[in-house]
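Side-chain atoms are counted along with the backbone in the values below, which use heavy atoms only and exclude waters and symmetry mates.
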Amino acid sequence: MIEQALHRCVASFYPGATGVAGAAKLSGGASQETWSFDIVHAGGTFGAILRRSPKGYGAAPTRAAGLGAEARLMQLAHEAGLPSPKVMHVLRPEDDLGTGFIMARVEGETIARKILRDEQFAKARPILARQLGKVAAGIHGLPREKLPALREMSATREIAEIGREYRSFNWPRPVFELALRWLSDHDPGPSTEVTLVHGDFRHGNLIIGPDGVRAVLDWELAHLGDPMEDLGWVCVNSWRFGEIDKPVGGFGSREELFAGYAEGGRRVEPARIKFWEVMGTLRWGVMCCGMMQRFRLGPDHSMERAMIGRRASETEIDLLRLLAPRA
């Protein structure tokens, strides 16, 4: 069924396309889906990815930028020479596929366990942190006047929002209370520069090859704010997958990340990055609690929700480590 709609859609923007093949859903729930497929043409095939919300589903959640904004941001990143898939087509009503876009498929790996352990990535691992710093600098340098409409977040607003979400569970956790108090006491105030922030710059949203970073994915949490937020988020311990002595994704040091960022022409603010690392750790802990709450209350009692929910306790340990006074 979807291949027929894809065929009609592809024929409208891809010269010489004779059909599509191998359509397979990669991920997504009812409201948003990702499909991989091949565009068939006289010279062979071309790999493509469809990101869409099927017909009948409403607007994106409050924190989400929306698929139209995602497509625009990826186009801007690609045009700026950043590792981002090329957006080939933004869906129209006549495509009969819902809302979303079609982009070129980028080969590589997104699974952290493989990136951190498989031999084929051995040469890439030592250079990834510096590469990511440079990529983050490029994202934060995209001209604001070209960006789509995005929500704007500040440290103060983020503290308030995450506090409300945490307390809505009515599930007190003393370490989370401690972290909220620390964040309020160390609120750095408005950033001297407000830029595009990717919002979810970490393992799972990066395509990695033996040569390093090939693409940044999942721009759905993109917003305007403090650029140091992305640098703090990528250092959260939950994204190190056991390699806790390597703060950047389990493969590199903060110093390497910061060096790449400076190489990209931007200034590092370590104190603000520490704030956002604490914030990111708490945010992930609260998200885990939300998963457990949805598992307990239903109607979706999936094992995946329960397993993610259990990880809230890991973030408590991480927070205590971050907040412990240095000797």
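In this structure, the side chains of Phe37 and Val10 come closer than 4.5 Å at one or more pairs of heavy atoms. Two residues are said to be in side-chain contact when any heavy atoms from C-beta on lie closer than 4.5 Å; Arg52 and Ile2 meet this criterion. Between Leu147 and Leu224, some side-chain heavy-atom pair lies under the 4.5 Å cut-off. For the pair Ile102/Leu50, a side-chain contact is recorded, criterion being any heavy-atom separation below 4.5 Å from C-beta on. Contact annotation: the side chain of Glu314 never approaches that of Cys288 to less than 4.5 Å [non-hydrogen atoms, C-beta and beyond]. Counting heavy atoms from C-beta outward, Ser191 and Glu229 have side chains that stay 4.5 Å or more apart. The shortest side-chain heavy-atom distance between Leu206 and Val135 does not fall under the 4.5 Å cut-off. Taking 4.5 Å as the limit, some side-chain heavy atom of Met153 sits within range of a side-chain heavy atom of Glu161.
By the neighbour-count criterion of 12 heavy atoms within 6.0 Å, atom CD of Glu119 is sparsely surrounded, having that number or fewer from other residues, nucleotides or ligands. Atom CG of Asn170 has 12 or fewer neighbouring heavy atoms from other residues, nucleotides or ligands inside a 6.0 Å radius. Arg113 CZ: 12 or fewer foreign heavy atoms inside a 6.0 Å radius.
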(request) Check the pair Leu180 / Leu282 against side chain to side chain contact (heavy atoms under 4.5 Å, CB included), numbers first and verdict last. (result) CA-CA 8 Å; Leu180 281 167; Leu282 177 61; 3.8 Å; yes
(message) Between Arg72 and Gln75, is the side chain to side chain contact (heavy atoms under 4.5 Å, CB included) condition met? List the steps.
(response) CA-CA 5 Å; Arg72 177 62 181 150; Gln75 284 175 325; 3.9 Å; yes
(request) Would you sort out whether Leu142 and Leu73 count as a side chain to side chain contact (heavy atoms under 4.5 Å, CB included), showing the intermediate values? (result) CA-CA 9 Å; Leu142 289 175; Leu73 291 171; 5.6 Å; no
(request) Show the numbers, then the answer: is there a side chain to side chain contact (heavy atoms under 4.5 Å, CB included) between Trp276 and Arg283? (result) CA-CA 10 Å; Trp276 286 110; Arg283 184 194 301 160; 4.2 Å; yes
(request) Test side chain to side chain donor-acceptor pair (under 3.5 Å) on Thr195 and Arg266 and set out the steps. (result) CA-CA 12 Å; Thr195 71; Arg266 300 193 60 85; 5.0 Å; no
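With hydrophobic clusters built from ILVMFWY side chains whose heavy atoms lie under 4.5 angstrom apart, Val278 shares a cluster with Phe258. The cluster map of Ile, Leu, Val, Met, Phe, Trp and Tyr, joined by side-chain heavy atoms under 4.5 Å apart, puts Leu116 and Leu257 in the same cluster. Under the 4.5 Å side-chain contact rule for hydrophobic residues, Phe101 and Ile207 do not share a cluster. Val197 and Met279 fall into different hydrophobic clusters, defined by Ile, Leu, Val, Met, Phe, Trp and Tyr side-chain heavy atoms under 4.5 Å apart, directly or through other members. Linking Ile, Leu, Val, Met, Phe, Trp and Tyr whenever their side-chain heavy atoms come within less than 4.5 Å puts Ile208 and Leu26 in one cluster.
Asp230 approaches His198 most closely through the heavy-atom pair OD2-N, 2.9 Å. Nearest heavy atoms, Ala136 versus Phe201: CB-CE2, 4.0 Å. The minimum heavy-atom distance linking Arg321 with Ile244 is given by the pair NH1-CD1, 4.5 Å. Listed here is the closest heavy atom pair of Met291 and Gly309: CB-N, 4.2 Å. Heavy-atom minimum distance, Asp318 versus Ser238: OD2-OG, 4.1 Å. The heavy-atom pair separating Asp96 from Ala5 by the smallest distance is O-CB, 4.3 Å.
Summarising the geometry, atom CZ belonging to Arg8 is positioned 8.0 Å from atom CG belonging to Leu97; distances are rounded to the nearest 0.5 Å. A distance of 12.0 Å separates CD1 in Ile162 from CH2 in Trp284, rounded to the nearest 0.5 Å. For the atom pair CD1 (Ile111) and CZ (Arg117), the distance works out to 12.5 Å, reported to the nearest 0.5 Å. How far CD of Gln293 is from CH2 of Trp171: 6.5 Å, rounded to the nearest 0.5 Å. Remark: Ser184 OG to Ile159 CD1 distance equals 4.5 Å, nearest 0.5 Å. For the atom pair CG of Leu320 and OG1 of Thr281, the computed distance is 11.0 Å after rounding to the nearest 0.5 Å.
Listed by chain and number, the residues in a ring pair (Phe, Tyr, Trp, His ring centres under 6.0 Å) with Phe241 are His203 (sequence neighbours excluded).
Between Arg167 and Glu177 there is a salt bridge, since at least one side-chain N of the basic residue sits less than 4.0 Å from a carboxylate O of the acidic one.
Looking only at distances, no side-chain donor or acceptor of Glu316 sits under 3.5 Å from a matching main-chain atom of Val175. Counting only distance, with no hydrogens or angles, the side chain of Ser53 and the backbone of Thr99 share no donor-acceptor pair below 3.5 Å. Tyr166 places a side-chain N or O within 3.5 Å of a backbone atom of Arg173 that can act as its donor or acceptor partner.
Sequence neighbours left out, the pairs with a member in residues 34-47 that pass salt bridge (charged side-chain N to carboxylate O under 4.0 Å, His left out) are Asp38-Arg105. Among residues at least two apart or in separate chains, salt bridge (charged side-chain N to carboxylate O under 4.0 Å, His left out) pairs with a member in residues 212-226 are Arg51-Asp218, Asp211-Arg214, Asp226-Arg272. For residues 251-260, every residue pair satisfying the salt bridge (charged side-chain N to carboxylate O under 4.0 Å, His left out) rule, not counting sequence neighbours, is listed here: Arg254-Glu277.
Between Trp233 and Trp239, the ring-plane angle classifies as perpendicular under the 30° and 60° cut-offs.
Trp219 pairs in a side-chain contact (heavy atoms from CB on, under 4.5 Å) with only one of the listed residues (Ile139, Asp200, Asn205), which is Ile139.
Between the side chains of Glu193 and His140, no donor N or O sits under 3.5 Å from an acceptor N or O.
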For residues 121-130, please give each side-chain donor-acceptor pair under 3.5 Å, one per line with the distance, not counting sequence neighbours.
unit_1: Arg125; atom_1: NH1; unit_2: Ile115; atom_2: O; d: 2.8
unit_1: Arg125; atom_1: NH1; unit_2: Asp118; atom_2: O; d: 3.0
unit_1: Arg130; atom_1: NH1; unit_2: Glu263; atom_2: OE1; d: 3.4

Taking distance alone, no hydrogens or angles, what donor-acceptor pairs closer than 3.5 Å link side-chain atoms of residues 80-89 to residues at least two apart or in another chain?
unit_1: Ser84; atom_1: OG; unit_2: Met74; atom_2: O; d: 3.3
unit_1: His89; atom_1: NE2; unit_2: Asp95; atom_2: OD2; d: 2.9

